Amino acid sequence: MRYVAAYLLATLGGNASPSAEDIKAILSSVGIDADKEKLKIVISELAGKKIDDIIAKGKEKLASVPSGGGVATASAGTADAGEAAAPKEEEKKEEKEDSDASDDDMGFGLFD
């Protein structure tokens with residue numbers, strides 16, 4: 001991911017076709033050593049392609065990925081349905097708070 005991000009930064013800076021050395025320079029500026037094999041893969045996959053086209057294709061692919069959030073409909077006219085749903089929401093909030101507190105960085109740092 002860091003190699004792709006560095007490639008994107010280079011293109012945003014005006015370099016239409018960044019080289020491996022350009023990406024190494026960006027990564028080394030923030031203290032990251034570049035892996036030659038990973039860098040070679042990124043350069044070969046992105047060489048000769050327009051970033052705008054790649055991003056557009058990626059958006060199309062992401063649009064078809066299920067996000068896991070379904071919409072629940074409440075039945076009209078019953079107060080029991082609303083009361084039954086409230087305790088479940090509280091339980092979900094408690095579980096979420098516990099998971100957030102136990103692993104704030106999800107096991108990795110931003111620049112690892």
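Given the structure is predicted, the values throughout are model-derived calculations rather than measurements.
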Query - Cluster overlap V30 with L8, hydrophobic side-chain contacts below 4.5 Å - result: yes

**Report entry** L39 reachable from V4 in the ILVMFWY side-chain graph, under 4.5 Å edges
**Finding:** yes

Query raised in the report: For I26, which fellow cluster members are found when Ile, Leu, Val, Met, Phe, Trp and Tyr are connected by side-chain heavy-atom distances below 4.5 angstrom, either directly or through intermediates?
Result: L9

Query - Test log, rule side chain to side chain contact (heavy atoms under 4.5 Å, CB included), inputs I43 and Y7 - result: CA-CA 8 Å; I43 294 293; Y7 191 94; 4.1 Å; yes

Query - Separation between NZ of K49 and CD1 of I55, rounded to the nearest 0.5 Å - result: 13.5 Å

Query raised in the report: Which of these, K40, K38, E45, K24, sits in a side-chain contact (heavy atoms from CB on, under 4.5 Å) with Y3?
Result: K38

Report task. May I ask you to say whether K57 pairs ionically with E60, meaning some side-chain N is under 4.0 Å from a carboxylate O? Result -> no

Report summary line: dist I23:CD1 -> L46:CG (nearest 0.5 Å) comes out at 7.5 Å

Query - Heavy-atom closest contact (A16 atom, T11 atom, distance) - result: O-CG2, 4.3 Å

Report task. Can you see which heavy atom on S19 is nearest to which on D22, and at what distance? Result -> N-OD2, 2.9 Å

**Report entry** More than 12 heavy atoms from other groups under 6.0 Å of CG on D33
**Finding:** no

